There are 2 protein chains.
Amino acid sequence: MSRSRSQLRLIDVAEQAGVSLATASRALAGREGVSEAVADRVRQVSRDLGYVANPHARQLAGGATSTVGLIVHQIDDLYFSEIASGMIQLAGERGLMVQICHSGRDPDAELAQIRHLSAQRVGVIIVAGSGYTDPGTEAMARAALLAFQERGGRVAVIGRHALNVDAVLPDNRDGGRAITEHLLALGHRRIAVVAGPEELTTVADRLAGAAEALAVHGLSLDRLPVAYADFTCPGGREAAARILRERSTPTAIIALNDAMAIGVLSALRAQRVRVPDEISVVGFNDVSIAQDLAPSLTTVRLPLAEMGRQALAMALKPRSARPRKRATGHHLIVRDSTASVS
Amino acid sequence: MSRSRSQLRLIDVAEQAGVSLATASRALAGREGVSEAVADRVRQVSRDLGYVANPHARQLAGGATSTVGLIVHQIDDLYFSEIASGMIQLAGERGLMVQICHSGRDPDAELAQIRHLSAQRVGVIIVAGSGYTDPGTEAMARAALLAFQERGGRVAVIGRHALNVDAVLPDNRDGGRAITEHLLALGHRRIAVVAGPEELTTVADRLAGAAEALAVHGLSLDRLPVAYADFTCPGGREAAARILRERSTPTAIIALNDAMAIGVLSALRAQRVRVPDEISVVGFNDVSIAQDLAPSLTTVRLPLAEMGRQALAMALKPRSARPRKRATGHHLIVRDSTASVS
DNA sequence: AACGCTTACGAAAGCGCTTACGTACCCTAA
DNA sequence: TTAGGGTACGTAAGCGCTTTCGTAAGCGTT
């Protein structure tokens, strides 16, 4: 790699402004101990020359880091890509870069990612993937995040409970309850569920909410058909097919995310089951295309992009003594995929 | 930021292995001048201790950089997120990190991103966004990429023609022709087009392909309804509504990407137009959900994830004298959204 | 006028790494 | 034996920045 001298260094700016390296550094960092006149001159020269600090040198010297690591299950899942989109936007406004890592829903991979980002000396780590119901697994992730935080890193999680870490928390339980109550209010009693991976707390929480709503009507998830899938569209399709094959005849199917709901709709169509006439279908998250599906999808809206922004914003704020928890609102969005039971 | 000494340094590994810093560095870099025995010992110690090099120090010292910058229009567009997904996967295998930037389809923003990534000293820049039809605009982007390349950076572009730069090139023109020929073969003659942003070469190429196919049948785009939208789902919906409102009565609508096709389907449904009975609809890209739409979408498949992988793989290979161009295949995927004209 | 205190700045150390260069050591050849 | 040449390793410089420390200048106080 030929490293030509063409890249502007801080010393070039300093010389041009007629000050020392140290003064230039202080001026650009907005640090005190520099007269206004000099600071202005340095900033002016810096801008004129188009100077951009070498982030590696800056980080190495103990300065702030300008990159944030975002860990997602899969970036080509609209849930995550909308979160990422919001975060990238805020990062852009703050002059930061977002590094995206896939954990692929593998706790070991996630742990490795956290450790790797940490070793890479990113300044901020944000974990957007759901937590794991297994306490041991979850404890490992927490420990890694806390270790990173101990060393001065900033951390935030999205949709995941973690002690001593800032968090943006959609109320999955409430959402699960709301969507289920909606179906119950429409008269549905034979309700099937296409759940996401069992080991995720997001799934457990949404199921718990659903169970609460069902309990009010004397129903229990144990007695209802529940098929577990992988939060993907084909997964939802197959899960729905399984449910139908078992000759259970639900009047409504709850999919725990929109991608699977799309799969469910697809499976029903393949079986010539009309939605919502014969079976109502609901999703979760309200990803951007949910409203343009056929039929448009009744779902629980989470402010995904906003969640991404907020998580980063929280992490960027100076650390408070107590970790901040920010609940995100959710709305039940009723569209055409649900109808009262006939 | 409290910088505790807890982070492992290369010198720690070196001491543990009983060699000098330089030898440890050489051993881990796989550089020659180290006996096999010593190299093995160093690698072993490094692994045991869980050492990860500080990328900032490494970069500063003139070593290889471990981060690649990826510029997309919007990450929450499935076209880009699937490309990104493939790239992130390969990056993971190679121990690299992917930084994602939004250009938002703004050439100025894109230019700023390239310059910024360049100043940030990333090792690789990959531009996934379409090129611009305006030669001046495009020249600026090229110049910035070449400047980066001159300084030793590695560059690849996806779906964009750029002199002296490696490129992964889906044949948009061919794809546009193929999908149009499909409709023509089904007997459609009154064909409307929902195009993407006019200033993008991707759009121009797909349109050009369509025009070629149409010309064979004595048809011209100039005589057909063409509505420009922004490659988004709502954009496609509105564009389709516009077309219908103009009382043109196409028997088929070509959407230049799948997201807009979803919007088109939605608009048609709102108008109670049956697809494909009354109007056939086609998309482009074959994003993952295309097959589960109602009706499932006839589209042109591009190997998106693979394209992301390939672009990175090309950029990572030692530079060849001539820029590599890699054409990606495309398949016409015929599904339920098209039928012969009645 | 001498003293301390504050303010504005410069000199220089050092972050963790890569690499040019220097130096032992061993092997071969004369 | 000694010179010559390769190999394996150590020493140290230096990447571009931040930051600590030192110092000169300016101020008020007695």
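Chain identifiers are assigned alphabetically (A, B, ...) following the order of the sequence lines, protein sequences preceding nucleic acid strands; residue numbering begins at 1 within each chain. Predicted model only: the values in this text are computed from it and were never measured.
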N/O-N/O pairs, protein side and nucleotides 7-11 of chain D side, under 3.5 Å:
| residue | atom | partner | partner atom | Å |
| --- | --- | --- | --- | --- |
| D:dC9 | OP1 | B:Ser35 | OG | 3.3 |
| D:dC9 | OP2 | B:Ser35 | N | 2.6 |
| D:dC9 | OP2 | B:Ser35 | OG | 3.1 |
| D:dG10 | OP1 | B:Ser20 | N | 3.3 |
| D:dG10 | OP2 | B:Ser20 | N | 2.8 |
| D:dG10 | OP2 | B:Ser20 | OG | 2.7 |
| D:dG10 | OP2 | B:Thr23 | OG1 | 2.5 |
| D:dG10 | N7 | B:Arg26 | NH2 | 2.9 |
| D:dG10 | O6 | B:Arg26 | NH1 | 3.0 |
| D:dG10 | O6 | B:Arg26 | NH2 | 3.3 |

Over how many whole Å does the gap from [X] atom [atom1] to [N] atom [atom2] extend?
X        : N      : atom1 : atom2 : value
B:Arg9   : C:dG16 : CZ    : P     : 5 Å
B:Leu8   : C:dC17 : CG    : P     : 9 Å
B:Leu49  : C:dG16 : CG    : P     : 15 Å
A:Gln59  : C:dG16 : CD    : P     : 9 Å
A:Gln120 : C:dG16 : CD    : P     : 15 Å
B:Asn54  : C:dG16 : CG    : C1'   : 6 Å
B:Leu60  : D:dC15 : CG    : P     : 10 Å
A:Arg31  : D:dT20 : CZ    : C1'   : 12 Å

query: Quick one: is B:Arg58 getting a side-chain N or O under 4.0 Å of the C:dG16 phosphate, OP1 or OP2?
result: no
query: Within the structure, does a side-chain N or O atom of A:Tyr51 lie under 4.0 Å from either OP1 or OP2 of D:dC17?
result: yes
message: Between A:Ser81 and B:Ser81, do the side chains contain a donor N or O and an acceptor N or O under 3.5 Å apart?
response: no
A:Ser66 versus A:Arg58, side-chain donor and acceptor atoms under 3.5 Å: no
- request: Go through the structure and list residues passing salt bridge (charged side-chain N to carboxylate O under 4.0 Å, His left out) with A:Arg43, not counting sequence neighbours.
  value: A:Glu36, A:Asp40
message: For A:Glu32, give me all partners under salt bridge (charged side-chain N to carboxylate O under 4.0 Å, His left out), at least two apart in sequence or on another chain.
response: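 Applying salt bridge (charged side-chain N to carboxylate O under 4.0 Å, His left out) to A:Glu32 gives none.
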- request: State, with a plain yes or no, whether a side-chain heavy atom of A:Leu316 is found less than 4.5 Å away from one of A:Leu96.
  value: yes
task: Determine whether B:Gln149 and B:Arg154 make a side-chain contact, defined as any pair of heavy atoms from C-beta on separated by less than 4.5 Å.
output: yes
message: Categorize A:Ala29 for me: base, sugar-phosphate, or nothing, with a 4.0 angstrom heavy-atom threshold over every strand shown.
response: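 The residue A:Ala29 makes no contact with any strand.
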message: Within this structure, what is the CD-CD distance for the pair A:Gln113 and A:Gln99, rounded to the nearest 0.5 Å?
response: 10.5 Å
